[in-house]
Amino acid sequence: MQPIFIDKNEIIKRYKPIDSHTHKGIQGHALIIAGSYGKLGAAVLASKCCLKSGCGLVTAYVPECGYQILQISNPEVMTLTDEKEKYISNISFDIKPQAIAIGPGLGQEIETQKAVHDFIKTNKVPLVIDADALNILSKNKDWLALLQPKTILTPHPKELERLIGKWSTEADKFDKTIAFSKQYGLVIVMKGAPTHIIDEETVYKNTTGNAALATAGSGDVLTGIITSLVAQSYEPIDAAVFGVYLHGLTADIALPETSYQSFIASDIIKYLGKAFLSIENN
Ligand SMILES: NC(=O)C1=CN([C@@H]2O[C@H](COP(=O)(O)OP(=O)(O)OC[C@H]3O[C@@H](n4cnc5c(N)ncnc54)[C@H](OP(=O)(O)O)[C@@H]3O)[C@@H](O)[C@H]2O)[C@@H](O)CC1
Ligand SMILES: Nc1ncnc2c1ncn2[C@@H]1O[C@H](COP(=O)(O)OP(=O)(O)O)[C@@H](O)[C@H]1O
Ligand SMILES: [Mg+2]
């Protein structure tokens with residue numbers, strides 16, 4: 001297993017410059033299904049980062065208690081609410097997004113599990129699955145077969161273990177993840193230090209990022225970036241590769257100014273502009 005290193009050359013091959021005649025409709029509409037009581041921050045971070053990565057329109061789908069939180073935190077983000085106050089129980093919307101993310105801060109209530117099932121059973125829109133939506137799939141593994149090919153999963157090591165079971169060595173972890181990716185036709189973003197991406201037999205290894213990213217919400221923000229790129233019509237594997245690279249690059253650019261300690265997930269969002277510029281100015 002020889003990985004492809006995700007470096008600037010790999011990104012320049014994939015990067016789509018912005019057309020001067022584009023408009024917000026062309027830039028893509030993303031839907032972020034996220035949040036539960038006490039974890040609306042995950043929805044705020046993911047949806048804001050989605051917009052800050054070039055997506056034209058972003059809608060957050062949150063429980064009722066998240067309405068004001070979302071509208072006040074992110075005035076540029078539109079908000080739809082579930083009928084339940086504290087958690088999502090029924091995912092229904094009349095917009096036509098080009099990409100959907102599900103999972104950050106979602107919780108694992110039984111009604112939320114059912115809502116995730118009913119949603120993935122009929123959904124045909126390119127999808128990014130993170131956090132509690134991954135944990136829900138781990139508890140209901142037969143639902144994995146409902147996912148569309150090239151759905152992107154973004155597990156951290158514990159979420160990966162819940163999905164594929166314990167591994168004995170690093171090599172075993174890769175073998176199991178490759179087998180899992182092949183079985184369901186999924187793109188797996190194996191978050192860590194560094195992050196690897198598995199697309200069936202192909203393994204990518206990221207070259208950006210540092211320990212400043214070891215902070216709450218850092219993965220929620222990554223979900224927003226990757227979903228934004230999918231909405232802007234990047235292929236799922238290209239969105240995963242570019243998104244992981246950009247996410248790490250924000251921390252590399254920020255580090256001399258912020259220190260490891262004071263860097264927080266909102267700084268990923270703050271430094272995205274410099275990260276995009278460093279890709280454009282090569
Ligand atoms: N502001 C908000 O609203 C926020 C909301 N959030 C939301 O909270 C929900 C729960 O998510 P979560 O990831 O905190 O819980 P969970 O899945 O039990 O995993 C924790 C365990 O996994 C492990 N582990 C993790 N990383 C690892 C690593 N790199 N390397 C190795 N191990 C690692 C580690 O296990 P340990 O090492 O302790 O055995 C740890 O104890 C989810 O919906 C998320 O979106 C958060 O994003 C925070 C901000
Ligand atoms: N020491 C580290 N070096 C590089 N990247 C890291 C490090 N620690 C965490 N990260 C990155 O931060 C993110 C953490 O994601 P996750 O655990 O899902 O956070 P959260 O659920 O709090 O949003 C991943 O992208 C991971 O690769
Ligand atoms: Mg996470």
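The first residue of the sequence shown is numbered 1, and numbering continues consecutively from there. Start at 1 and go down the list; that is how both ligands and their atoms are numbered.
Taking the six-membered ring for Trp and thresholds of 30 and 60 degrees, F242 and F276 have ring planes more than 60 degrees apart, a perpendicular arrangement. Ring pair F174/H196 is perpendicular by interplanar angle, where above 60° counts as perpendicular and below 30° as parallel.
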- Task: Please lay out, stage by stage, how K191 and D130 fare under the test salt bridge (charged side-chain N to carboxylate O under 4.0 Å, His left out).
- Result: CA-CA 11 Å; K191 293 187 298 198; D130 185 29; 3.4 Å; yes
- Starting from the C-alpha separation in whole Å, work towards a yes-or-no answer on side-chain hydrogen bond (donor to acceptor under 3.5 Å, both in side chains) for T258 and D267. CA-CA 9 Å; T258 64; D267 291 317; 5.6 Å; no
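The shortest contact between atom 24 (C) of ligand 2 and any protein heavy atom is with K191 CD, 3.6 Å. Protein heavy atom at the shortest distance from atom 4 (C) of ligand 2 is N210 O, 3.3 Å. Nearest non-hydrogen protein atom to atom 47 (O) of ligand 1 is D220 OD2, 2.8 Å. From the protein, the heavy atom lying nearest to atom 12 (O) of ligand 2 is S218 OG, 3.0 Å. Of the protein's non-hydrogen atoms, D132 OD2, 2.7 Å is the one closest to atom 43 (O) of ligand 1. Looking only at heavy atoms of the protein, atom 13 (O) of ligand 1 is closest to H156 NE2, 2.8 Å. Of all protein heavy atoms, the one lying nearest to atom 11 (C) of ligand 2 is L213 CB, 3.8 Å. From the protein, the heavy atom lying nearest to atom 39 (O) of ligand 1 is K158 NZ, 4.1 Å. At the top of the distance list for atom 2 (C) of ligand 1, counting protein heavy atoms only, stands A42 N, 3.6 Å. In terms of protein heavy atoms, atom 21 (O) of ligand 2 is closest to D220 OD1, 4.0 Å. For atom 27 (C) of ligand 1, the nearest non-hydrogen atom of the protein is P157 CD, 3.7 Å. Closest to atom 1 (N) of ligand 2, if we only count protein heavy atoms, is A211 CA, 3.5 Å. Closest to atom 25 (O) of ligand 2, if we only count protein heavy atoms, is H247 CE1, 3.4 Å.
Every atom of ligand 1 is numbered from 1 in the order shown, and the set under 4.0 Å from a heavy atom of G105 is 7 (C), 42 (C), 43 (O), 44 (C), 45 (O). Atoms of ligand 2 lying under 4.0 Å from at least one heavy atom of A216, given by number and element, are 22 (O). Each of the atoms 13 (C), 14 (C), 15 (O), 16 (P), 18 (O), 19 (O), 20 (P), 23 (O) of ligand 2 lies under 4.0 Å from some heavy atom of G219. Interface atoms of ligand 2 facing A214, defined by a heavy-atom separation under 4.0 Å, are 8 (N), 9 (C).
When non-hydrogen atoms are compared, ligand 1 lies under 4.0 Å from the side chain of A131 (C-beta onward) but not from its backbone. Counting heavy atoms closer than 4.0 Å to ligand 1, residue R162 contributes side-chain atoms (C-beta onward) but none from N, CA, C or O. Proximity of K39 to ligand 1, defined as any heavy-atom pair under 4.0 Å, is shared by backbone and side chain alike. With a heavy-atom cut-off of 4.0 Å, D130 does not touch ligand 2 at all. Only the side chain of T195 comes within 4.0 Å of ligand 2, judged by heavy-atom distances.
Atom 41 (O) of ligand 1 is never approached by the protein to below 4.0 angstrom, counting heavy atoms only. Under the 4.0 Å distance rule, the nearest protein heavy atom to atom 34 (C) of ligand 1 falls outside the cut-off. Under the 4.0 Å distance rule, the nearest protein heavy atom to atom 37 (O) of ligand 1 falls outside the cut-off. For atom 45 (O) of ligand 1, the nearest protein heavy atom lies under 4.0 Å away. Atom 8 (O) of ligand 1 is approached by the protein to below 4.0 angstrom, counting heavy atoms only. Remark: atom 29 (N) of ligand 1 lies closer than 4.0 Å to at least one protein heavy atom.
Using a 4.0 Å cut-off between a side-chain N of Lys or Arg and a carboxylate O of Asp or Glu, K166 and E161 qualify as a salt bridge. A salt bridge does not link E64 with K84: every distance from a Lys NZ or Arg NE/NH1/NH2 to an Asp or Glu carboxylate oxygen is 4.0 Å or more. Between K150 and D199 there is a salt bridge, with a side-chain nitrogen of the basic residue lying less than 4.0 Å from a carboxylate oxygen of the acidic one. Between E111 and K114 there is no salt bridge, since no side-chain nitrogen of the basic residue lies less than 4.0 Å from a carboxylate oxygen of the acidic one. Between K13 and D7 there is no salt bridge, since no side-chain N of the basic residue sits under 4.0 Å from a carboxylate O of the acidic one.
Within the 4.0 Å heavy-atom shell around ligand 2 one does not find E159. Look at P104 and you'll find a heavy atom under 4.0 Å from some atom of ligand 1.
Between the CG atom in L147 and the OH atom in Y184 there is a gap of 9.0 Å [rounded to 0.5 Å]. K182 NZ to E201 CD: the interatomic distance, rounded to the nearest 0.5 Å, is 3.5 Å. Interatomic distance, CD1 of I102 versus CD1 of I88, reported as 7.0 Å (0.5 Å rounding).
Across all their heavy atoms, Y234 and R14 have their closest contact at CE2-O, 3.2 Å. What you find for I33 and I91 is that their closest heavy atoms are CD1-CG2, 3.7 Å. Residues F180 and I164 share a closest heavy-atom pair of CG-CG2, 3.7 Å. The two residues L70 and A43 have their closest heavy-atom pair at CD2-CB, 4.2 Å.
Linking Ile, Leu, Val, Met, Phe, Trp and Tyr residues whenever their side-chain heavy atoms come within less than 4.5 Å leaves L51 and I26 in two separate clusters.
Between G217 and ligand 2, at least one N/O pair is under 3.5 Å apart. Between H156 and ligand 2, a contact under 3.5 Å exists for no N or O pair. Distances between N or O atoms of A193 and those of ligand 2 include no value under 3.5 Å. Ligand 2 has no nitrogen or oxygen under 3.5 angstrom from a nitrogen or oxygen of G209.
Across G248, G192, G103, heavy-atom proximity to atom 5 (N) of ligand 2 is greatest for G192.
The shortest distance between side-chain heavy atoms of K8 and I12 falls below 4.5 Å.
Screening T227, T79, N74, D220 against S47 for a side-chain hydrogen bond (donor to acceptor under 3.5 Å, both in side chains) leaves a single residue, N74.
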